[in-house]
Protein chains: 2
Amino acid sequence: MTATYRDVKADILEKITLGIWPPGSTIPKEIELAEIYDCARATVNRAMRELAEDGIVERKRKAGTKVRMAPVRQARFEIPIVRKEIEDKGTEYRYALVRKERQQAPDWLRARLRLNDGGAVLHLICMHYADGAPYQYEDRWINLDLLPNAAEIDFADTGPNEWLVATIPFSNAEISLLATMADAELAEHLGCSKGDALFQAERSTWWDGKAITFVRLTFRKGHRMTTRY
Amino acid sequence: MTATYRDVKADILEKITLGIWPPGSTIPKEIELAEIYDCARATVNRAMRELAEDGIVERKRKAGTKVRMAPVRQARFEIPIVRKEIEDKGTEYRYALVRKERQQAPDWLRARLRLNDGGAVLHLICMHYADGAPYQYEDRWINLDLLPNAAEIDFADTGPNEWLVATIPFSNAEISLLATMADAELAEHLGCSKGDALFQAERSTWWDGKAITFVRLTFRKGHRMTTRY
DNA sequence: CAGTGGTCTAGACCACTGA
DNA sequence: CAGTGGTCTAGACCACTGT
């Protein structure tokens, strides 16, 4: 037979879903499973490790592997670049710079990004359109102490997101999803009514422990983030 | 020396973030890396596989491993059971059943879950409180054709979520996140004003290709879902 | 302290895919 | 068709952690 790690993973997952190994029960140890499936322990190990990553089982040395009582449901959402998101839907992407201003970081931003006093930031307001209709309102702040070049960039044709990704490709981020009421400015740019409920994402990005940028993305009315798991 | 897969992964990631291997560039092949780090190819393989899962690099047979041009930003959100979510914050959890009704599946639900005509469903409205204050409004529909026992359960003390997790522990689901305006019912139960913007999650759950349940969770005003990546 | 998972190795064969 | 990643093996030692 020579089972693959996929076979082992699928079979064990089936035993769990069918209730043969109910939540809380202990699964046979790796050596036993290796004998059962007639494969190497490393093969079993990979299957089980993935099941643990998926939140299906819980593994502890000496204690063995147990089926989780409350499965840790985790959903993965992709956070694509807006342009890609829109173009992948087969719609036409258009970008526009609404406002660009160099200023001192306001208090709330300094607190949020742990900036020093008197830090200079670049504040950008941008719009992203899909097939001519408003899609996303971008309120971005860039730390000029860390990225002084940003001040010289003309963001008329390309959004700051794409420039940032090219400049600092890999970094850490914290993202929050929430709902907000449209104010006059949002309503006007997104073509909705004042007071409408809008979906919003906030992201703070860090590199080497220092804050690079904060962005608040507000989506057009009715926007959803969807995923399967 | 004897590098571990963590060492290899960290070192390669550093080389990428520092720009030594810029986006689009090709990384040395596994055998070469194994020589460089003085370890087995399997060790390098694991490091690279994880970097690929993390969306940092892209691997293809024969073509080699390349640093992604546009890093696939993916955020993982944990979707815990409400009770756990509340208790983990150190607050007191309280549950209440608001309404329970057996009925025919309305058209929108049938379409959504691909149910047959005349399917019976159990419709539940529940509230979840944190330290006595409204936390989440749960609007749940359970497919009675698949789970006839649900009709006999008294959901007065325990929420349907916990019963479902215990009954059908593992299943597939589709989840959507969105923003909605509070109607009169939501405003009353969640203690906010009509028209307030509220964060909402919708989840359809499937098992063996058949729809088990649909739930719409509405959070109290100001709720955020946050994660790091 | 003993048992279980965590990881590494050296070698092998396979599967996909670009030239 | 040849090169690169994908996976398996048999064996080994290590690192936690429950008893």
Side-chain angles (χ1 to χ4, degrees), chain A residues 1-16 20-72 74, chain B residues 1-16 20-72 74:
Chain A
M1 296 307 285
T2 63
T4 70
Y5 81 93
R6 286 166 193 280
D7 296 334
V8 176
K9 184 180 176 184
D11 191 72
I12 290 176
L13 187 56
E14 193 185 350
K15 281 198 169 56
I16 293 174
I20 296 174
W21 290 334
S25 62
T26 301
I27 288 178
K29 56 195 83 166
E30 292 192 348
I31 308 172
E32 293 176 12
L33 289 172
E35 285 171 10
I36 293 171
Y37 293 108
D38 188 28
C39 65
R41 183 167 81 96
T43 305
V44 172
N45 183 273
R46 175 153 183 200
M48 300 303 286
R49 192 199 321 145
E50 290 197 359
L51 286 172
E53 280 171 6
D54 294 346
I56 310 291
V57 300
E58 208 169 4
R59 319 195 74 193
K60 263 186 208 159
R61 287 166 171 161
K62 168 83 178 176
T65 302
K66 286 181 184 153
V67 181
R68 291 192 100 110
M69 296 298 291
V72 175
Q74 47 189 355
Chain B
M1 301 298 289
T2 61
T4 71
Y5 81 93
R6 287 168 193 278
D7 296 334
V8 176
K9 185 180 177 185
D11 192 72
I12 290 176
L13 187 56
E14 194 186 348
K15 281 196 171 53
I16 292 175
I20 296 174
W21 290 334
S25 62
T26 302
I27 287 177
K29 57 195 80 166
E30 291 192 350
I31 309 172
E32 292 176 10
L33 289 172
E35 286 171 12
I36 292 171
Y37 293 106
D38 187 29
C39 65
R41 184 167 80 95
T43 305
V44 172
N45 182 274
R46 177 152 182 202
M48 300 302 286
R49 194 200 318 142
E50 291 197 359
L51 286 173
E53 280 171 5
D54 294 346
I56 309 290
V57 300
E58 208 168 5
R59 319 194 74 191
K60 265 186 208 158
R61 285 165 166 149
K62 169 83 179 177
T65 302
K66 287 180 184 155
V67 181
R68 288 192 104 109
M69 295 299 291
V72 176
Q74 44 187 2

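Note that the structure is a prediction, hence the values are computed from the model and not measured.
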Provide, to the nearest angstrom, the distance between the CD atom belonging to A:Glu50 and the P atom belonging to C:dG5. 17 Å
Atom CZ of B:Arg59 and atom C1' of C:dC16: how far apart are they, to the nearest Å? 14 Å
Check the phosphate of C:dT7 against B:Thr43, side-chain N and O only, distance under 4.0 Å to OP1 or OP2. Yes or no? no
Looking at A:Arg6 and D:dG6, is any side-chain donor or acceptor paired with a base atom of the opposite kind under 3.5 Å? no
The side chain of A:Lys62 lies closest to which of these nucleotides: C:dA15, D:dT9, C:dG3? C:dG3
SB check A:Glu50 A:Arg46 (cutoff 4.0 Å): yes
Side-chain contact check for A:Ala63: nearest option of D:dG5, C:dC8, D:dG18 is D:dG18
Does any part of the side chain of B:Tyr37, heavy atoms only, come nearer than 4.5 Å to the side chain of B:Asp11, both counted from C-beta? yes
Distance, rounded to the nearest Å, where B:Ile27 contributes CD1 and D:dG3 contributes P: 21 Å
Go through B:Glu58 and B:Arg68 one step at a time and tell me if the salt bridge (Lys or Arg N to Asp or Glu O under 4.0 Å) criterion holds. CA-CA 6 Å; B:Glu58 208 168 5; B:Arg68 288 192 104 109; 3.8 Å; yes
Closest nucleotide of DNA chain D for B:Ile31 versus for B:Ala42: which of these residues is on the 5' side? B:Ile31
From C:dG5, C:dC16, D:dG18, pick the nucleotide closest to the side chain of B:Arg61? C:dC16
Take atom CD of A:Glu58 and atom P of D:dG18, then tell me their distance rounded to the nearest Å. 11 Å
Here the distance between atom P of D:dG6 and atom CG of B:Leu51, to the nearest Å, is 12 Å
In whole Å, I'd like the distance from the CD atom of B:Glu32 to the P atom of D:dG3. 13 Å
Counting side-chain heavy atoms from CB outward, which of D:dC8, D:dT9, C:dT9 is closest to A:Thr4? D:dC8
Could you check if a side-chain atom of A:Ile27 sits within less than 4.5 angstrom of a side-chain atom of A:Ile12, using non-hydrogen atoms only? yes
Phosphate OP1/OP2 of C:dT7: any A:Asn45 side-chain N/O under 4.0 Å: no
Could you tell me the Watson-Crick or G-U partner of C:dT17, where both distances fall under 3.5 Å? Say none if there is no partner. D:dA2
A:Cys39 versus A:Val44: any side-chain heavy-atom pair under 4.5 Å? yes
Quick one: A:Glu35 CD to D:dG11 P, roughly how many Å, whole number? 13 Å
Whether B:Arg41 contacts C:dG11 is assessed here as follows: a side-chain N or O lying under 4.0 Å from the phosphate OP1 or OP2. Is that the case? no
Heavy-atom donor-acceptor pair, A:Arg49 side-chain to C:dT7 base, under 3.5 Å: no
Remember a base hit wins even if backbone is also touched, and classify A:Arg46 as base, sugar-phosphate or nothing at under 4.0 Å, heavy atoms. sugar-phosphate
Atom-to-atom span, NZ of A:Lys29 to C1' of C:dG6 - whole angstrom: 17 Å
A side-chain contact here means heavy atoms from C-beta on lying under 4.5 Å apart; do B:Leu51 and B:Thr65 qualify? no
Under 4.0 Å between a side-chain N or O of A:Thr65 and OP1 or OP2 of C:dG5? yes
